[in-house]
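Letters A, B, ... are given to chains in the order of the sequence lines, protein chains preceding strands, and every chain is numbered from 1.
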Protein chains: 2
Amino acid sequence: MIATIRDVAKKASVSVATVSRFVNDTGRVSNETAFRVRAAINELGFRPNAVARNLSKSHSRTLGVVIPSLNNPVFADAVAGINAEARSCGYTLMFTSTDYNLEDEVRTVSTLLDYRVDGLILTVADSNISLIPDMLKNAGVPYVLIYNQPSTYQHPTITVDNIGAGWEVAQALIGLGHERLGMVAGQFLASDRADARRDGFINGAAEHGLKEPIVIEVDFVSPHLEKTLAPIYAERETAPSALFCSNDLLAISVIGALGRLGLDVPKDVSVIGFDGIAVGTHLHPTLATVIQPSYEMGRAATRQLLDRLAGKDCPMTKILPHTLRIGESAGPATKLSPAFLINSNQKKQWRPSK
Amino acid sequence: MIATIRDVAKKASVSVATVSRFVNDTGRVSNETAFRVRAAINELGFRPNAVARNLSKSHSRTLGVVIPSLNNPVFADAVAGINAEARSCGYTLMFTSTDYNLEDEVRTVSTLLDYRVDGLILTVADSNISLIPDMLKNAGVPYVLIYNQPSTYQHPTITVDNIGAGWEVAQALIGLGHERLGMVAGQFLASDRADARRDGFINGAAEHGLKEPIVIEVDFVSPHLEKTLAPIYAERETAPSALFCSNDLLAISVIGALGRLGLDVPKDVSVIGFDGIAVGTHLHPTLATVIQPSYEMGRAATRQLLDRLAGKDCPMTKILPHTLRIGESAGPATKLSPAFLINSNQKKQWRPSK
DNA sequence: ATGAAAGCGCTAACAG
DNA sequence: CTGTTAGCGCTTTCAT
């Protein structure tokens, strides 16, 4: 069995109080006593039991992290940021992913609460529906939402301007000459952030008098995507010449599906995603997208939470800046002509001007 | 302050022992007592303090997870599997990523040990160098390595046959007519598994009398890759016609870099990765790769760890099956001719026969 | 500067 | 069936 503070005390012929003081550097300890204690600790390989300490003090130096899925790199990046910041402040993470399962969400938060995490960082499926933020607020447990876009700013949140970004995407696409816009949203459609992105996008389109973008909802990524897109692109004259996808993963799949339908991106259709996941920059064509500073968002959320724990009062909502990257997957609209029926293989790729 | 077991006991006019029995369903409690206790619990919103419980019992129902990086989806997938299995067994995860930093590795493991996790699931940078497995073994803390490929099987490990897979890749490439093979490895080269993959690959090549594949080592993914590859592909006659990358992320970058150098994959160069990350199937061309059952590996590791905790003795090493997927990024070798200097844009893509 | 002792919230004998 | 009580390992007054 691993040595306890009592073992150390005995071996050093001091009281446990002294050992405790030495270990935590709280209160004076004479030099020679310190020497003996240090020796005992090393001999015994003593490491203070954090569980016992946590029970004694009233905190755990532990943060709960709950996100929908690690599958999406955007969350993985945020967790990396959370991890970095938390560790550098002496906190360790209790982590769970919920797979967008509402019940799991509350179950997992309850468990984390049982472990008495000092605070929680979470992105819930839909912050306008989830009971969790209110539950946390009532319980008096510090927390901050990340990525979520509550319609009212009553919960601490780190996010980007999803509406504004959606609007910018519309502007950019219109600027490239596109007139028939579409949006494709995945499981995220039932999510506050996807909603916001769509609203901004549709507004942007409306502002230019374009007819409302069609919204294509897809349930699962892989096989259905092609089937969903096929009928739409059977009629090229009416099909969107530019597609805004609610996230990068989806955008990548859409590009693939479009390719398999014989359509070239960006020559035939422009595609733009959301998130700015790293892999997008390595693709060919590179992925046009709205970049969220995910890692930074993770850090910011952690910092805010820690500040809150320290009693500082922080701004309720922090909007981090996003960046629109017009990668190669988005290009100028080309006028449709009967020629579009001919599968010309010229690779005149449009490249963004720097 | 949140209610304690004592508050409940008082309100229900019973002893704490009875409340404890009721909560943990250990020992009989009369119906009417149960009724009162339940009422008190609900009224007070009592939730047992897991920290206190953990101190009392000698376990924490907590598992430590340490992996190099969440940046690589392959780890994210494994963590998802760990999360699923652990949660279904009532365990929660303490998570940290180390960014391949050796010092961080031991620091983080120490912290996890301080929190008295019941066991650890980890992939260390290089299990043949890391002190951690031995440290854990000596400390008597249950653990299992995942993805690692220790040269001697003295640590519980869940992995795939990296050597065999590397060998198969060589065979497959040779079967496609390739004679000049190359391997490109990233930060992973200082890793046991990348080593194993390379060994298998080189052996496979040697078996067919091919000259030893060149090994291209790259430090960072993004910009340097092109610079590294450029001089090699300046001389097409000697440059590898097929590249085996130590992981999928790297393979995707290589394909991108090659493209920017004016080389087409798979027409000019075949590229095959390792891991089987999901995004690979959505690319165009789809990524050829060795699929590891990452999610399953995470689950298997967790199950094995839990079994070990339960006292069952498990096989030291468990090798899960991998699958070679010849995606579109790997195709038949084309004989070089002076024509290769001409940038012909025919899109005659090779597709794997099912 | 150091020790004694009372908790932190819960579990688990041991009595009754 | 239920209550008493002694820990679990550490922190923290309060004395000395």
Query raised in the report: Quick one: is A:Thr18 getting a side-chain N or O under 4.0 Å of the C:dT2 phosphate, OP1 or OP2?
Result: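 Answer no for this pair, as no side-chain N or O of A:Thr18 is under 4.0 Å from OP1 or OP2.
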
Query raised in the report: Hey, does the side chain of B:Ser15 come within less than 4.0 Å of D:dT4's phosphate (OP1/OP2), counting only N and O?
Result: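 Checking B:Ser15 against D:dT4: no side-chain N or O falls below 4.0 Å of OP1 or OP2.
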
Query raised in the report: Do B:Arg107 and B:Thr98 come close enough that some side-chain heavy atom pair is under 4.5 Å?
Result: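 When only atoms from C-beta onward are counted, B:Thr98 and B:Arg107 do not touch, as no gap falls below 4.5 Å.
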
Atom [atom1] of [X] to atom [atom2] of [N]: distance rounded to whole Å?
X	N	atom1	atom2	value
A:Ile41	D:dC10	CD1	P	10 Å
B:Lys10	D:dG3	NZ	C1'	16 Å
A:Asp25	C:dA1	CG	P	13 Å

Query raised in the report: Quick one, which residues of residues 28-39 of chain B touch DNA chain D with a heavy atom under 4.0 Å?
Result: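 Only B:Arg28, B:Val29, B:Ser30, B:Thr33 qualify.
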
Query raised in the report: For every nucleotide of nucleotides 7-16 of chain C, 5' to 3': is a protein heavy atom under 4.0 Å from its base (B), only from its sugar-phosphate (S), or from neither (-)?
Result: BBBBBBB---

Requested in this report: Enter the distance from A:Tyr91:OH to A:His59:NE2 here, rounded to the nearest 0.5 Å.
Outcome: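 If I round to the nearest 0.5 Å, the distance is 6.5 Å.
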
Report task. Check step by step if side-chain contact (heavy atoms from CB on, under 4.5 Å) holds for B:Asn49 and A:Tyr115. Result -> CA-CA 6 Å; B:Asn49 182 327; A:Tyr115 276 95; over 6 Å; no

**Report entry** Side-chain ion pair, B:Asp104 and A:Arg87, N-O less than 4.0 Å
**Finding:**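 Between A:Arg87 and B:Asp104 there is a salt bridge, with a charged N closer than 4.0 Å to a carboxylate O.
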
Query raised in the report: Do any N or O atoms from the side chain of B:Ser97 and from the backbone of B:Asp99 form a donor-acceptor pair under 3.5 angstrom?
Result: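 Checking the backbone N and O of B:Asp99 against the side chain of B:Ser97, no donor-acceptor pair under 3.5 Å is found.
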
**Report entry** N/O donor-acceptor pair under 3.5 Å between B:Thr157 side chain and B:Thr159 backbone
**Finding:**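 Checked: no pair found.
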
Query - Sole residue of A:Thr302, A:Val144, A:Thr123 in side-chain contact (heavy atoms from CB on, under 4.5 Å) with A:Ile158 - result: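 Considering A:Thr302, A:Val144, A:Thr123, a side-chain contact (heavy atoms from CB on, under 4.5 Å) with A:Ile158 is found only for A:Val144.
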
Query raised in the report: Please walk me through it: do A:Ile121 and A:Tyr143 pass side-chain contact (heavy atoms from CB on, under 4.5 Å)?
Result: CA-CA 6 Å; A:Ile121 296 173; A:Tyr143 65 97; over 6 Å; no

